[in-house]
J.: 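Sharing a structure here in structure tokens format.
Every heavy atom of this structure was used, including side-chain atoms; hydrogens, water molecules and symmetry mates were not.
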Number of protein chains: 2
Amino acid sequence: MKTAENKSRALGLRFTKTRRKVLEILWQSHSPLGAYDILDRLQEDSRRPAPMVVYRALDFLIEAGLAHRLSSRNAFIGCSAPEGDHEAQFLICNHCGSAAEVEARPIAKAVEETAASAGFHVHQRVVEITGVCPNCQS
Amino acid sequence: MKTAENKSRALGLRFTKTRRKVLEILWQSHSPLGAYDILDRLQEDSRRPAPMVVYRALDFLIEAGLAHRLSSRNAFIGCSAPEGDHEAQFLICNHCGSAAEVEARPIAKAVEETAASAGFHVHQRVVEITGVCPNCQS
DNA sequence: ATATGTTCTGTTATATCATAACATTTTAAT
DNA sequence: ATTAAAATGTTATGATATAACAGAACATAT
């Protein structure tokens with residue numbers, strides 16, 4: 001949370017109540033949450049906000065590097081290593097729904113080199129591997 | 001198209017009119033298409049089918065390795081190298097919207113190794129790099 | 001302390017993407 | 001011809017996401 005406040009300030013933005021709450025919800029969840037799941041959990045505190053509220057908070061959190069979007073699931077997850085910059089990949093279990101954030105340098109490196117050799121200027125990287133996690137293989 | 005027929009037969013499935021037409025539409029497009037874009041183009045031939053029709057055709061084409069889904073865009077693209085199996089990655093231009101399918105062995109290898117060392121059993125790989133393509137950099 | 005510009009929130013409405021469920025038809029193989 | 005599997009047609013609905021605009025909270029400069 002301290003990190004979150006610092007990162008917000010570094011962007012000249014505010015770490016407001018809704019944003020904090022959404023981040024808490026993400027961090028408390030063991031698996032990625034859809035935007036409407038987050039809405040459901042916000043509801044427990046106050047009256048159910050409009051979807052925009054959540055999407056705006058998520059935009060902010062992603063922008064600040066505090067959360068990630070899992071494109072292949074239309075879901076969101078709190079960043080597990082928010083300090084500093086990093087380029088994350090995800091291992092998403094089809095059985096238990098968990099998503100492990102990894103920072104695999106070899107993948108990042110291969111992506112950079114592939115893009116470079118194609119003359120492609122990279123903005124964002126989406127690397128999502130789905131399958132079965134170790135816990136679910138027995 | 002010959003490849004498409006062969007792959008269909010290999011799966012014990014049929015390469016029907018709708019499926020063929022959807023694949024033609026994908027192959028004719030220079031950039032990924034949303035499911036409803038495909039519907040619009042089908043409409044030109046006959047009366048606009050229900051969305052299910054397109055989603056079913058897409059499911060089939062993806063299953064057969066004739067098309068790919070771009071998760072980060074909710075869009076679909078014809079496979080540019082449908083012969084044989086392959087593990088594709090995509091370079092998606094934010095400026096012109098084009099999506100280049102590449103087969104980068106180093107990325108594939110790094111992904112396999114990362115998953116293996118995490119004890120993760122891989123089903124699917126989503127690697128989508130967004131940015132600016134060479135043509136759009138001038 | 002107040003004026004000002006920016007950030008953030010609240011709210012309504014709507015756009016966009018995707019699937020459930022079930023009846024019917026086509027096809028291939030006997 | 002019979003049959004089982006594959007494929008289609010159709011209606012309805014679910015799930016995800018954004019547009020647009022009014023107003024409130026906040027920072028900071030005078």
J.: Which listed nucleotide (D:dT11, C:dT27, D:dA20) is nearest to the side chain of B:Arg14?
T.: C:dT27
J.: Are OP1 or OP2 of D:dG9 and a side-chain N or O of B:Arg48 less than 4.0 angstrom apart?
T.: no
J.: Check the distance between D:dG9's P and B:Arg19's CZ and give it to me in whole angstrom.
T.: 11 Å
J.: For B:Glu101 and B:His68, does a side-chain donor sit closer than 3.5 Å to a side-chain acceptor?
T.: yes
J.: OP1 or OP2 of D:dT8 versus the side-chain N and O atoms of B:Thr16: is any pair under 4.0 Å?
T.: yes
J.: If only side-chain N and O atoms of A:Asn74 are considered, is one of them under 4.0 Å from the OP1 or OP2 phosphate oxygen of C:dC17?
T.: no
J.: What is the separation between atom NZ on A:Lys17 and atom C1' on D:dC26, rounded to the nearest whole Å?
T.: 16 Å
J.: Rounded to whole Å, please give me the gap between CZ in B:Arg9 and C1' in C:dT27.
T.: 13 Å
J.: Quickly work out the B:Phe15 CZ to C:dA28 P distance and round it to whole Å.
T.: 15 Å
J.: Quick one: on DNA chain D, does B:Leu13 or A:Ala75 contact a more 5' nucleotide (nearest heavy atom)?
T.: B:Leu13
J.: Please determine whether any donor N or O and acceptor N or O are separated by less than 3.5 Å between the side chain of B:Tyr36 and the base of C:dA15.
T.: no
J.: Determine whether A:Ile38 and A:Leu58 satisfy the following criterion, side-chain contact (heavy atoms from CB on, under 4.5 Å), listing intermediate values before the conclusion.
T.: CA-CA 10 Å; A:Ile38 297 171; A:Leu58 288 168; 4.0 Å; yes
J.: Can you tell me how far P of C:dA18 sits from CG of B:Asp37, to the nearest Å?
T.: 11 Å
J.: Within the structure, does a side-chain N or O atom of A:Arg69 lie under 4.0 Å from either OP1 or OP2 of D:dT16?
T.: no
J.: Has the side chain of A:Arg56 got a donor or acceptor that lies under 3.5 Å from a partner of the other kind on the base of C:dG10?
T.: yes
J.: Out of C:dT9, D:dA17, C:dT19, which has the shortest distance to the side chain of A:Pro51?
T.: D:dA17
J.: To the nearest Å, how far apart are B:Arg20 CZ and D:dA7 C1'?
T.: 16 Å
J.: Would you mind reading off the distance between A:Asp59 atom CG and C:dT7 atom P, rounded to a whole angstrom?
T.: 15 Å
J.: Over 60° means perpendicular and under 30° means parallel, so tell me whether B:Tyr55 and B:Phe76 are parallel, tilted or perpendicular.
T.: perpendicular
J.: Both B:Ala50 and B:Ala57 contact DNA chain D. Taking the nearest nucleotide for each, which residue is further toward the 5' end?
T.: B:Ala57
J.: Classify the nucleic acid contact of A:Arg73 as base, sugar-phosphate or nothing, counting any heavy atom under 4.0 Å across all strands shown.
T.: nothing
J.: Do A:Lys21 and A:Thr18 make a side-chain contact, defined as non-hydrogen atoms from C-beta onward lying under 4.5 Å apart?
T.: no
J.: Could you give the CE-to-C1' distance, from B:Met52 to C:dA20, as a whole number of Å?
T.: 8 Å
J.: Looking at every heavy atom in both A:Ala35 and A:Val54, which two are closest together, and how far apart are they?
T.: O-CG1, 3.7 Å
J.: A:Tyr55 side chain: which of C:dA18, D:dA17, C:dT11 is closest?
T.: D:dA17
